[in-house]
Amino acid sequence: MRFDPAQLETLVAITEEGTFEAAAHRLHVTASAVSQRVRALERAAGQVLVRRTTPASVTPAGEPLVRLGRQLRLLAAEAALSLGGDEIVDLAVAVNADSLATWFRPVLAAVARRPGTALRLHVEDQAYSDDLLRRGEVLAAVTDEPHPVQGCVVERLGGIRYTPAAAPWLVERHRRGRGIDWAAMPLVVYDEKDHLQDALLATHDVGRPPVVHRVPSTADFHEAIRAGLGWGMLLDPQLADSVAAEEVVRLPGARPVVVPLFWQRWRLDSPELAALTDDVRRAARVLRPPRSP
């Protein structure tokens, strides 16, 4: 089965722009032409590929074709660059917020040295970023999924460590003997996809307390813990300075949690994707424990 590259590019444009009209504007064609291309692609596939909603979205049957369209776009841009053209290679990558705020930053500096490359980051929790790969929305992702998504290869990066912590006065307020009242002490989570704290509460046979704050920013999450808004899982780089300044303390009876991270990327012979993977490998060295002497 063969697919028309122009039709595949139209499908990708619809997923990125959200409407047929916006896709038509970007492709410099009429909305009618966009509709005709989609219908032709659906006839070739024998299935409905696009939900005509607002915004428009692809069906599961359309997801492999979106991925194929983006792969063709990447390869075409790289070929044009190799021939002296001025094409921009667009690299869509999913990364969790805590990684982006810490170890992933050298990747940004590395990409900055390649003027023909545009990095398009999707900030997504590591437990959900592999879904973006399946839908073809990104070509690579930092994820906690060790099994390769179809059409991808995977390698382990290391682990990112979190420690339960809170402001000293908040811990004292909720102290119960040598421990704390887990069922009552307020909690801070990043968002509704953040379940790191829930796993710890489960080890103490309790659910979430009545007061749960949501702070969807790595830096502001840290500030919320320092301010005493509640307890939460702090990254090691955040924890060290705050403990030294006596702004937070480690929670009694709670151990650090290490979240394993993996790099999943398309199985594609792409120089730009290979270079990006090398950048990620170098940056992720800080996630690996030092070797014993």
Side-chain angles (χ1 to χ4, degrees), residues 1-81 85-96 100 111 116-125 127-143 145 148-152 191 193 264-270 272-273 276:
M1 185 179 297
R2 294 184 178 182
F3 298 100
D4 185 315
Q7 295 170 0
L8 292 173
E9 178 61 27
T10 299
L11 185 64
V12 172
I14 291 170
T15 63
E16 292 176 347
E17 299 296 334
T19 67
F20 282 40
E21 292 75 14
H25 180 74
R26 196 176 84 181
L27 296 172
H28 306 291
V29 299
T30 65
S32 175
V34 167
S35 296
Q36 290 173 12
R37 290 179 183 180
V38 171
R39 286 197 297 269
L41 191 58
E42 290 177 330
R43 283 195 300 271
Q47 300 184 64
V48 174
L49 304 177
V50 179
R51 300 184 186 94
R52 273 69 167 177
T53 54
T54 303
S57 61
V58 297
T59 66
E63 291 171 359
L65 296 183
V66 170
R67 184 164 59 245
L68 176 59
R70 285 203 169 100
Q71 289 173 347
L72 291 175
R73 178 194 288 176
L74 173 63
L75 294 175
E78 289 184 332
L81 276 177
D86 57 357
E87 291 287 325
I88 301 298
V89 177
D90 185 69
L91 300 179
V93 177
V95 60
N96 58 305
L100 182 57
V111 173
T117 302
L119 189 61
R120 183 159 52 88
L121 293 179
H122 296 246
V123 179
E124 180 58 277
D125 188 275
Y128 298 87
S129 54
D130 56 309
D131 289 338
L132 298 180
L133 275 171
R134 290 188 181 89
R135 296 200 299 267
E137 294 185 25
V138 299
L139 54 80
V142 176
T143 174
E145 176 53 62
V149 171
Q150 184 177 11
C152 296
D191 58 21
K193 295 179 180 179
Q264 294 220 29
R265 61 178 176 84
W266 288 347
R267 192 188 303 272
L268 193 66
D269 186 14
S270 160
E272 287 290 336
L273 183 52
L276 177 65

| Are R73 and E16 within salt-bridge range, i.e. N to O under 4.0 Å? | yes

| Salt bridge present between E63 and R135 (N-O < 4.0 angstrom) |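 Looking at R135 together with E63, the answer is no, because their closest N to O distance does not fall below 4.0 Å.
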
Quick one: [atom1] on [X] to [atom2] on [Y], what's the gap to the nearest 0.5 Å?
X: R265; Y: L91; atom1: CZ; atom2: CG; value: 12.0 Å
X: F20; Y: T10; atom1: CZ; atom2: OG1; value: 9.5 Å
X: I88; Y: T117; atom1: CD1; atom2: OG1; value: 8.0 Å

Student check: side-chain heavy atoms of [X] and [Y] closer than 4.5 Å:
X: V111; Y: L276; result: yes
X: Q7; Y: V38; result: no
X: Q71; Y: L74; result: no
X: V93; Y: L119; result: yes
X: V58; Y: I14; result: no
X: E17; Y: H25; result: no
X: R51; Y: S57; result: yes
X: L132; Y: E124; result: yes

Nearest atoms (heavy-atom pairs only) where [X] meets [Y]:
X: A141; Y: L133; result: CB-CD1, 3.9 Å
X: W266; Y: G136; result: CZ2-O, 4.3 Å
X: L11; Y: G62; result: CD2-O, 3.9 Å
X: A13; Y: L27; result: CB-CD1, 4.0 Å
X: V89; Y: A77; result: CG2-CB, 4.0 Å

If only atom types and distance count, is the side chain of [X] paired as donor or acceptor with the main-chain N or O of [Y] below 3.5 Å?
X: R120; Y: D90; answer: no
X: R52; Y: V50; answer: yes
X: S129; Y: V142; answer: yes
X: R267; Y: C152; answer: yes
X: S35; Y: A31; answer: yes
X: E42; Y: L49; answer: yes

| message | Between T143 and Q264, do the side chains contain a donor N or O and an acceptor N or O under 3.5 Å apart? | response | no

| request: Tell me yes or no: between the side chains of E78 and S270, is some donor less than 3.5 Å from an acceptor? | output: yes

| said: With side-chain contact (heavy atoms from CB on, under 4.5 Å) as the criterion, how do V66 and L8 come out once you've worked through the C-alpha distance, each side chain's angles and the decisive distance to 0.1 Å? | reply: CA-CA 7 Å; V66 170; L8 292 173; over 6 Å; no

